[in-house]
Amino acid sequence: MESWRTTAFIFLQWVLQYMECREVSLPSGPLYRVAGFPLSLPCSVSGYEGPRTQDFEWFLYREDAGGRQIGVISTRDRGFPYAPFQSRVRLGEVRVERDSGDRARLVVQRLRAEDQGRYECYTPSTDTRYQGNYSASVIVKVIPDTLQISHSRSLSSQPLMEGSELQLTCSAAVESVQHTHLSITFGVRGGGAGAGAGATPGAANGGQGHNLREVISIGRELGVVPGRSGDYERRYKDGEISLEKRRGIAEGDRDLYVMKMAAVAPGDSGSYFCEAAQWILDPGRGWERIAQRTMELGNLTVQPLADTLTVTTTPRGEVTLSAGSPLSLTCEVGGVGGRARSALLVQWMRRGTAGGGAGGGAEVEVARLGPDGVVSWGDDTSRGGGGSMEKEAEGRYTLRLFSAHPADSGVYRCVVSVFAGRRNPGPSSPATITQRSEGVTINLKTKEVLVSSVAELARGPLLKRGNTVSLLCNVSVVTTGPSRVEVQWLMKRDAPEGEEAPDEAAEGDGRRPLVMLTYEGLSRFYSNRSEVSVDRLAPTCYRLRIHGARLEDQGHYVCVAEVWGQDPHGGWYNTGARAESDSVRVYLYARATDLLLIPLVVGVSSALFVGVVIIATVTCCFMNRLARQRSQK
C-alpha cells in the first residue's frame, strides 16, 4: 500500500512539472507593416520558474542574409545589438517597452525596408530544468508607404458667426497589394495655435495642441461614426453634422471627403485637422493601424451671437396718442449672420395696467411671428381694435394696431429668439439666444370721464323667501362725446351661523360675479343658482331681479359701473373710468304659511299623545276587570 502511494505521488509531481512548461508567445504572422511607420511586437512568457521579471532578447533573420542571425536588442545586455541596430537603439528609435514583468514589446519607431524578415523573441532560462519553448518568431513584411492626403478647402482667418455653416474637405487615397481599409477623421484641437497646410505622419496622436476632439469619422469598417466627446452624437442624429464620401473626384482620382456643420457654436472654435489612417486585418483577426497622416485645415474662431445680435425698436422713448389713433411699432434685428440657415421667433410684449398705466402689471404677449411665418395673437388682443404683424424686409418686423385704446397703454418690447442653424425648430427646441429690446412707452390720451354709482333695494313690503328681490343701480356719468355704461353685479353670501361663506368663483374679498349688462346691451350670467335677470329701467338706472329668492341668496350686493367711449372710427373702448357702489344687504324673512305650520304641527302632535294615553288606560282597566271575573268563577 505504501509503495502505491509513493508511485502516485511521483507520477503527480511529474505531471505538474510538465504542466508548468515555459511558453513564449508572439502574434500570428505574417504581419504587414508600412515603411516609415511604427512596428510594435508584443512578446509574453508564461509557465516559467524564477523571478517574475523576465528578460527578453530579439533577433532578426533577414531574407537577404541567408538565415544569418542579427541581434536587435536585449533587456539584460546593452551591448547586445549588432551593428545595423546599434545607433538606432542608442537614439531610442528601436527600444523595448515593458507591459509587465513577463510581457514586453519590441518597438521600431520608423520601419525601413531592410527591417523585413523573421523576428524571434527569446527569453533566457530561469528554470531549474530545460522544458518548454524559450523563443517564438513571426514574419514581418514591410510594404511601401502609398498613403496620400491633401485638402481643397481650408479655413480662412476670418471668424465665423455663430449659426453659420462650416464645410471642410480633404482627399485621401492608398494603393496597396494587400487588402487594407482607409479611415478618415475630422477633428479639432481646442485652443490650438495657428496651423499650416502641410501633412505630417501621425500628427493627430503626436501631442500637438491639447483638448483634442474627434468630430466625425468614417471608421475602418467604413461606417460613419460621430465623435463621443461634446454633443457631436446628438448633432449627428439631428442632422446638424454630416460626413460624405465622393468617389474619385479629387486630384489624382482620389476620394473626396466633405464634412459639414449646419450651424457652428462657440464651442466649435479651435484648430481643425483631417486624419487618414490605413488599417489591415492581422491573421489574429485584430485590426491594426499601419499608416496615418494628418492634414492641418486651419483655425476656426466662432463669434457668439451674444456679441453681434442687436434688437432695436422704433419709435423710441415715449409716445403719446389719442384714443382711436393707429399705433405702429417696428423691430429691427441685426447681427444674426446666416439668416437662410437660422430661424427667428419675434414677439411683441407689453407691460402695463388695463387702465392705461405703464408702470405696473404683468407682461403679456401682444403678437408673435413664429419661425414658420405664422402670426398669432396673445390674449391681450381682446380689446377688439384689430391689428397686424408682418415682416416688411429682412430683419424688419412691424406691429400695427389700427385703433389704439387705453387698454393698449404700457411699455412695449420686441423679444427675438434665434434658433441658429435650424430652419424648422420644434415647439420644444431651445433657442440659441434670446434678446430683448429697450422698452418704448405708449400713452393714450382719453377724454375726462366722471362716474358714480349708488345701489339700493327697490321699495316694497318685507322680503320673504320665494319673493322676487329687486335691486337698483343708479349711475351718473359726466363726459363729452358718446358713452355707454357696463354694469356688473357682485354678491357676497351670508354664511349660516357656525359656517363660512363658500368662496366658489369668488374674488379675493369673497365676492363673486353674479350677472353683467354689457355696454352693448347683452346680459352675461355667471351663476345659475337662482333665476336672475338684469335690465335698464332708465338711461341712468339699472335693475337686478332675483326670482324665487332662496335662503342662499341672502348677502351683500354691489354694482360696478364702467364707462366705454367711442373712438373716431366708431369703435368702442373701455375708458378705464370705474365706480363701485356701497353694498346693500338682502335679508329674507320666513313666509306666513311657514309660521302657521308650527302650531298646527304642535297641536296634532299633542292630540295624538293624549289619545294614545287614554286608549292605553282604558285597555288596562278592562283587562284587570276581565281577570277578576274569571277568578270568581
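No hydrogens, no waters, no symmetry mates; every other heavy atom, side chains included, goes into these values.
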- Task: Kindly say whether E486 contributes a backbone atom to a donor-acceptor pair with the side chain of T518 at under 3.5 angstrom?
- Result: no

- Message: Side chains of S171 and S150: any donor to acceptor distance under 3.5 Å?
- Response: yes

- Query: With a 4.5 Å limit on heavy-atom distance, are the side chains of L300 and L166 in contact?
  - Reply: yes

- Task: Tell me, please, whether W564 has R484 positioned over its six-membered ring: NZ or CZ under 6.0 Å from the ring centre and within 45 degrees of its axis?
- Result: no

- disulfide bond (SG atoms under 2.5 Å apart) between C473 and C541, intermediate numbers included: CA-CA 6 Å; C473 181; C541 184; over 6 Å; no

- Message: How about CD on E456, more than 12 heavy atoms from neighbouring residues, nucleotides or ligands closer than 6.0 Å, or not?
- Response: yes

- Is there a donor-acceptor contact under 3.5 Å from the side chain of H181 to the main chain of R220? yes

- Message: If only side-chain N and O atoms count, and only distance matters, is there a donor-acceptor pair under 3.5 Å linking S581 with S453?
- Response: no

- Which salt bridge (Lys or Arg N to Asp or Glu O under 4.0 Å) pairs, counting each pair once, include a residue from residues 319-336, with sequence neighbours left out? E332-R396

- Do side-chain atoms of S217 reach the backbone of T185 as a donor and acceptor pair under 3.5 angstrom? no

- Query: Relative to each other, are the rings of Y519 and W572 parallel, tilted or perpendicular (30° and 60° limits)?
  - Reply: tilted

- Are any non-hydrogen side-chain atoms of K245 and I218 less than 4.5 angstrom apart? yes

- Query: Any sub-3.5 Å donor-acceptor pair from T540's side-chain atoms to S476's backbone N or O?
  - Reply: no

- Query: If we only count heavy atoms from C-beta on, is the F419 to L345 side-chain gap below 4.5 Å?
  - Reply: yes

- Task: Examine distances only and state if a side-chain atom of R536 and a backbone atom of P539 form a donor-acceptor pair shorter than 3.5 Å.
- Result: yes

- Item | E162 side chain reached by P266 side chain, heavy atoms, under 4.5 Å | yes

- Task: Under the salt bridge (Lys or Arg N to Asp or Glu O under 4.0 Å) rule, what do K237 and E240 come out as? Steps first, then yes or no, please.
- Result: CA-CA 8 Å; K237 291 178 181 178; E240 298 178 12; over 6 Å; no

- Item | Note, E580 side chain near V558 side chain (heavy atom, < 4.5 Å) | yes

- Message: Checking H405 against N574: is there a side-chain donor and acceptor pair closer than 3.5 Å?
- Response: no

- Task: Return yes if some donor-acceptor pair links the side-chain N/O of Q435 with the main-chain N/O of L309 below 3.5 Å, else return no.
- Result: yes

- Task: Mark yes or no for whether T432, through its side chain, and A420, through its backbone, hold a donor-acceptor pair below 3.5 Å.
- Result: yes

- Query: T308 versus Q303: any side-chain heavy-atom pair under 4.5 Å?
  - Reply: yes

- Test log, rule salt bridge (Lys or Arg N to Asp or Glu O under 4.0 Å), inputs R234 and D231: CA-CA 5 Å; R234 178 196 63 79; D231 62 346; 3.0 Å; yes

- Item | Heavy-atom check, side chain of R493 versus side chain of M491, under 4.5 Å | yes

- Any side-chain donor near an acceptor of the partner, E392 and T398, under 3.5 Å: yes

- Message: Using a 6.0 Å cut-off, check whether atom CG of D307 has over 12 heavy atoms from anything other than its own residue.
- Response: yes

